[in-house]
Novice: 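Quick one: structure below, then a few questions.
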Amino acid sequence: IRVSDLPECHLKTLLREEAIPALTAGRPYFSVEMVRKEVAARKWRLADATLLNYLQELVRSGHVHDAGRGWYSTLPSRLK
């Protein structure tokens with residue numbers, strides 16, 4: 001099965017386990033725009049509203065942290 005054929009709910013897991021770790025390799029901060037580009041590069045079909053919702057779910061679950069102004073972090077403290 002191709003990743004592009006997976007339902008969006010499976011893409012949340014791929015986002016958490018593949019895309020975000022790829023973005024944070026060597027750097028703790030990433031922007032929503034970086035995530036959009038990573039999703040596009042992987043040719044995943046994911047509506048922007050769904051992507052933003054998934055990012056908020058990942059924040060609520062503690063997998064990533066809101067760093068403010070469209071940025072996220074693997075570090076628990078906010079960017080000042």
Side-chain angles (χ1 to χ4, degrees):
I1 189 166
R2 295 182 327 201
V3 171
S4 61
D5 294 332
L6 289 173
E8 285 188 348
C9 62
H10 294 294
L11 290 174
K12 179 174 27 176
T13 301
L14 291 174
L15 183 68
R16 181 184 70 230
E17 295 178 6
E18 292 184 20
I20 290 175
L23 289 171
T24 59
R27 61 183 173 263
Y29 294 97
F30 61 96
S31 69
V32 68
E33 188 58 33
M34 292 168 70
V35 177
R36 286 181 182 122
K37 288 178 181 176
E38 183 71 18
V39 166
R42 292 172 181 259
K43 297 184 169 108
W44 295 347
R45 288 186 228 155
L46 189 60
D48 195 57
T50 303
L51 173 63
L52 295 174
N53 190 22
Y54 285 173
L55 286 170
Q56 287 305 309
E57 287 180 24
L58 292 172
V59 168
R60 283 192 299 274
S61 68
H63 285 93
V64 297
H65 306 278
D66 185 354
R69 298 185 182 220
W71 284 82
Y72 297 88
S73 176
T74 55
L75 304 173
S77 60
R78 287 183 68 105
L79 182 64
K80 299 199 189 248

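The analysis underlying the following values was restricted to heavy atoms, covering all of them including side chains, and did not include hydrogens, waters or symmetry mates. Model, not experiment: these values are computed from the prediction.
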Novice: Measuring only between side-chain heavy atoms, which start at C-beta, is V64 closer than 4.5 Å to F30?
Specialist: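 Yes; the side chains approach each other to less than 4.5 Å.
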
Novice: Side chains of T13 and R16: closer than 4.5 Å at any heavy-atom pair?
Specialist: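 T13 vs R16: side chains touch.
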
Novice: Can you see which heavy atom on P21 is nearest to which on L15, and at what distance?
Specialist: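 Smallest heavy-atom distance, with atoms named: CD-O, 4.1 Å.
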
Novice: From the options L58, V32, L23, select the one residue that forms a side chain to side chain contact (heavy atoms under 4.5 Å, CB included) with Y72.
Specialist: V32

Novice: If you define the side chain from C-beta out and look only at heavy atoms, does anything of M34 sit under 4.5 Å from T24?
Specialist: no

Novice: How far does CH2 of W71 sit from CD of E33, to the nearest 0.5 angstrom?
Specialist: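 Going from CH2 on W71 over to CD on E33, the span is 10.0 Å.
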
Novice: Using 0.5 Å steps for rounding, measure from the CZ atom of R69 to the OG atom of S31.
Specialist: 14.0 Å

Novice: Once rounded to the nearest 0.5 Å, what's the spacing between atom CZ of R42 and atom CD of E38?
Specialist: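 R42 atom CZ to E38 atom CD measures 4.5 Å (nearest 0.5 Å).
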
Novice: CG/L55 to NE2/H63 distance, rounded to the nearest 0.5 angstrom?
Specialist: 13.0 Å

Novice: How many angstroms lie between atom OG1 of T50 and atom CZ of R45, to the nearest 0.5 angstrom?
Specialist: 14.0 Å

Novice: If I take atom CG from residue D48 and atom CG from residue N53, how far apart are they, to the nearest 0.5 angstrom?
Specialist: 11.0 Å

Novice: Scan V35, L51, L14 and name whichever one has a side chain to side chain contact (heavy atoms under 4.5 Å, CB included) with L46.
Specialist: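 Single pass found, and it is L51.
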
